[in-house]
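Please read the structure below before turning to the comments.
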Amino acid sequence: MENEKILVIDFGGQYNQLIARRVRECGVYCEIYSYKKDLDEVLAMHPKGIIFTGGPNSVYDPASATYTAEIFKAGIPILGICYGAQLMSHLLGGRVDHAPVREYGKIEVSVDNTSPLFEGIRAQTICWMSHNDYIAEMAPGFRAIAHSDHCPYAAVEDSSRKLYGVQFHPEVLHTQEGTKMLSNFVYHVCGCAGDWKMSDFVEQSIRQLRETVGDKQVVLGLSGGVDSSVVAALLSRAIGSQLTCIFVDHGLLRKNEADEVEAVFGPKGNFDLNFIRVDASARFYRKLRFATEPEHKRKIIGKQFVRVFEETAAGLDHPDFLAQGTIYPDVVESGLGGESATIKSHHNVGGLPKHTRFKGLIEPLRYLFKDEVRQVGLQLGLPESLIYRQPFPGPGLGIRIIGRITPEKVQLVQEADAIWREELLAAGLGSQINQYFAALTNMRSVGVMGDERTYDYAIALRAVTTQDFMTAEAAEIPWELLSRVTNRIVNEVPHVNRVFYDCTGKPPATVEYE
Ligand code: GLN
């Protein structure tokens, strides 16, 4: 049976995927389409409701993104958000103008009238705004249901046509009751029953993947990270041994990591797929032997990684599809999330690599956020240790060894890192600290061990707490734990004679070292 669904029509707002995510959180399936999608196609999907997103343009500018006003006659409930609300008003005969005062940030909004949209919402509620224009005159048939100091029509409705508009952004968490408002829209206005859960995503994806792939072959670059692992598990459930996973071990992984990945996805694991493990460490060490500068190291690692993958894939029997673990934040950052502006380019987003033999790209997690990806992974039976594993950069230990990389240094940092992680977990701190690892400073200093002079390396221990990785604080670690870890490292790891704890936050430092 088809799930009921809400469609989001994207006019280029920065938060459009958040809207979809919030609707899914309410238990209703949701998809996003560009404003260029034809009305016929939209109606053919039988949406229970439609949401118009925000957008960067001004509706009175003739070149701006728009939609046919026919959509308002279809009898489908529509919620316009910011630009979406302005557009609805404009198309239905209201007037949108440059606002005398632009509003940005958290703004107090007063609810003026009872409305299904505001059921259970406080009379005064903090909403997040970001606009230059506003609805100066409502379209015929509408009435105001909320205002702010500078915005007489902060929310409008025409309940007979089930058309709603809000000047603020309910999808952003700064809008304190925004999720409740979206839930009100989907349940009280659109009459949804809430028939969607994450397991449906798994079922739906499996069906779609089977349809797309048919009897063809798919190849996936498996890194052992959460995203590519979840893609592997999903594809394995969908197409089994038509999937080949190439796992490139660049020799810069954490201690035992390559074996752990093999244990899950290799022949002894629980997934039906072809698993190829390529031990390319010697090649990476050779290519890296003169590199000292972080960006240079990253470039070498990235380039070799692609080469090894391509060489291995070239040996396969003509796979038609390339699968990737692209997730939604990668898509947004690359500016490919529908219509929103580019923020920064991303290595694995943007379509098929040039000169490729592949016929198509498969990105089943493209619309999910990290925590949704984790839920999917758990549904698919991936081990929790993998799902909740520590974030690990693509270049791996290559950027946790400051300066020149050698196989000996890799081993040394692997050992120290394993001790640090083991002790933090044993102390029960694993869930309180967002990221922790050991790095090898490029510093050697004099020490004394067994009455003999040493001239050895210093290990830096890192542990940070953070909400979003944009900023971070050094975690407060009990002294006793730090001293135990220090003792173990200097005793168990040869050529380390000092251990530092990094007390710096981000900014001014970063979480990683290079
Ligand atoms: N560009 C419109 C404005 O400035 C809409 C902004 C938005 O959707 N966030 O009012």
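Remember, it's 1-based here, ligands and their atoms both numbered in the order they're listed. Keep in mind it's a predicted model, so treat the numbers as computed, not measured.
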- Query: For ligand 1, what are the residues with a heavy-atom contact below 4.0 Å?
  - Reply: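 Ligand 1 pocket, heavy atoms under 4.0 Å: G54, G55, P56, N57, C82, Y83, Q86, S130, H131, N132, D133, H169.
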
- Message: Salt bridge or not between D200 and K197? Use side-chain N to carboxylate O under 4.0 Å.
- Response: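 Yes, D200 and K197 are salt-bridged.
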
- Message: Between E25 and R21, does any NZ, NE, NH1 or NH2 come within less than 4.0 Å of an OD or OE carboxylate oxygen?
- Response: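 Between E25 and R21 there is a salt bridge, with a charged N closer than 4.0 Å to a carboxylate O.
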
- Message: Surrounding CD of E476 (heavy atoms of other residues, nucleotides or ligands, distance under 6.0 Å), is the total greater than 12?
- Response: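 No, the 6.0 Å shell around CD holds no more than 12 heavy atoms from other groups.
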
- Message: Tell me if the NZ atom of K303 is crowded by more than 12 foreign heavy atoms within 6.0 Å.
- Response: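 Open.
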
- Item | Distance-only donor-acceptor check, side chains T466 and N434, under 3.5 Å |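 Note: T466 and N434 side chains miss the donor-acceptor criterion.
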
- Message: The criterion is side-chain hydrogen bond (donor to acceptor under 3.5 Å, both in side chains); which residues satisfy it with Q208, sequence neighbours excluded?
- Response: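 Applying side-chain hydrogen bond (donor to acceptor under 3.5 Å, both in side chains) to Q208 gives none.
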
